[in-house]
Amino acid sequence: MIDKLSGGPAFSDEDLMAYADNALPLPQANAIRIAAAADSALARKIEMFRQSRAALRAAFEPVLAEPVPDRLLALFDRDALAAGNVTPSPAPSPIAKPQRRTRALPMALAASLLLAVLVSVLHRPPVVQTSAALDALVVAALETRASGVPLADEAAVPREVMPLSTVLAGDGRYCRDYETTTLAAGQTPASTRGRACRSEGGWVGEDVAAVRPDAPVDQYRPASGGAAATDGQRLDPDAEAALIARGWKR
Amino acid sequence: MTDPFQIELIALLPRLRRFGLATCRDSSEADDLVQAAVEKALRSREQWQIGTRLDSWMFRIMQNLWIDQQRSRKLRAVIDDPEQLEQLPEETDWNRVIEAQMTLDRVLAVMRTLPDAMRAVLALVTIDGLSYQDAAQVLDVPIGTVMSRLSRARVELMKRLAERPTGVMT
């Protein structure tokens, strides 16, 4: 079937959903990726399927952390429960309250995640990241990925973090510029840039004003060799790979 | 001598409860369903073939039990029991809990406006992460049916979630 407006191939909702779920064979997935890059309606629909999964998974995640009711555990043999590292909880008492209260925390996290998902349906993320706090995906990408190699998170809010370059800063720390890309529903992919430096304790976000959001992406890639927003000595890919391999130890 | 079948089943309980909650009307009905399914599984465990997936087998038992229950329930009126609402401790940060509760409650409330068959595919694929093929086997329908139901369910779900972004606590 041919799309009347664009003249390109039309994709069914099932195709787009399977693409969003990473369940399409590569040739079909590539066809959709190329089409979506030029068609914001298509990209919006793919994003909707991604968001639906993220929203549902986040909403139901806290259920997994709930204690299993005793009436279910009572169906099993005592030694099987012990081997499964499960023990029936004591009868409800005031002491049990703090334990129950902690359940509100993962639920609150899930709530904020869902909120973020719903908000992102309406708004594009800001161009420049303003917080120095780094999330787990950014840290994982900085720690393990070479410049130009993205790390994607499909399970939660779909995002991709790609380190752009690595420098040895004047103070002796290794610093990396990186780019976080989210596909805000209905829009072309939106990117934010940031910089973080590796200290003993791990990666710490730097003042992001140092990274020019309007600089072309190529400027940040090691292949270009250009002086991006760096104030130190840029590492070549081999040096970078060696650092990653030894966990950023000197 | 510990029983590997039981140990594996115990490990599945959180996922079975989540599946139950996504398909049933409330958490107590969900746990009733999990309990009935576990009892059935322990009774007829020789029907499960070692080496095949226990999770798919359990989901299938739950799904079949639930369909049977729906058939018999249609014969009598359903009355909600407000005393079954979960009690929360007094010193809780209410804002946070209400926000959290509303999230799961809202998603559940919207899910429950969808047809039963759509909720089942949402629960299996979108929430639990089964492949389309595995879900098709659990539900005993062709994979194409799973995909068309699932895509329609997700479009409807997101449309209805976006319609009422604030939700209403009753």
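None of these values were measured; they are calculated from a predicted model. In what follows, chains carry the letters A, B, and so on, assigned in the order in which the sequence lines appear, proteins first and then strands, with residues in each chain numbered from 1.
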Does A:Leu56 reach the side chain of B:Met111, with side-chain heavy atoms less than 4.5 Å apart? yes
Give, as side chain, backbone, both or neither, the part of B:Ile10 having an atom under 4.5 angstrom from any heavy atom of chain A. both
For the atom pair CD (B:Gln35) and CG (A:Leu75), what is the distance rounded to the nearest 0.5 Å? 5.0 Å
With the side chain counted from C-beta on, respond yes when A:Leu72 and B:Glu39 share a heavy-atom pair under 4.5 Å apart, and no when they do not. no
Of all the heavy-atom pairs spanning B:Ser151 and A:Phe49, show the shortest one and how long it is. O-CE2, 3.7 Å
B:Arg154: which of A:Gln51, A:Arg53, A:Arg50 passes side-chain contact (heavy atoms from CB on, under 4.5 Å): A:Arg53
Side-chain touch B:Arg15/A:Leu64, heavy atoms, less than 4.5 angstrom: yes
Do A:Glu14 and B:Ser148 have side chains that approach each other closer than 4.5 Å (heavy atoms only, starting at C-beta)? yes
Once rounded to the nearest 0.5 Å, what's the spacing between atom CG of B:Leu150 and atom CE of A:Met17? 4.0 Å
dist B:Thr126:OG1 -> A:Asp21:CG (nearest 0.5 Å) comes out at 6.5 Å
Is it the backbone or the side chain of B:Phe5 that comes under 4.5 Å from a heavy atom of chain A, or both, or neither? neither
Could I get the full list of side chain to side chain contact (heavy atoms under 4.5 Å, CB included) partners for B:Ile7, not counting sequence neighbours? A:Ala80, A:Ala83, B:Thr2
Take atom CD of B:Gln49 as the centre, draw a 6.0 Å sphere, and report whether it contains more than 12 heavy atoms from other residues, nucleotides or ligands. no
Pick one of side chain, backbone, both or neither for B:Ala22, based on which atoms fall under 4.5 Å of a heavy atom in chain A. both
Give me the atom names and distance for the closest heavy-atom approach of A:Arg71 to B:Ser28. NH2-O, 3.4 Å
So for B:Leu108, is it side chain, backbone, both, or neither that comes closer than 4.5 Å to the heavy atoms of chain A? side chain
Hey, could you give me the CG/OG distance between B:Leu122 and A:Ser52, rounded to the nearest 0.5 Å? 7.5 Å
Student check: side-chain heavy atoms of B:Asp128 and A:Phe60 closer than 4.5 Å: no
Please look at A:Ala18 and chain B and tell me whether the side chain, the backbone, both or neither of the residue comes under 4.5 angstrom of a heavy atom of that chain. both
Relative to chain A, which of B:Leu21, B:Val34, B:Asp31, B:Leu42 shows the most heavy atom pairs under 4.5 Å? B:Asp31
Any side-chain heavy atom of B:Arg18 sitting closer than 4.5 Å to one from A:Glu61? yes
Is it true that a side-chain atom of B:Gln6 and a backbone atom of A:Asp77 form a donor plus acceptor pair closer than 3.5 Å? yes
Do B:Arg17 and A:Pro69 have side chains that approach each other closer than 4.5 Å (heavy atoms only, starting at C-beta)? yes
Applying side chain to side chain contact (heavy atoms under 4.5 Å, CB included) to A:Phe76 and B:Leu13, what does each step give before you reach the verdict? CA-CA 11 Å; A:Phe76 294 92; B:Leu13 288 174; 3.8 Å; yes
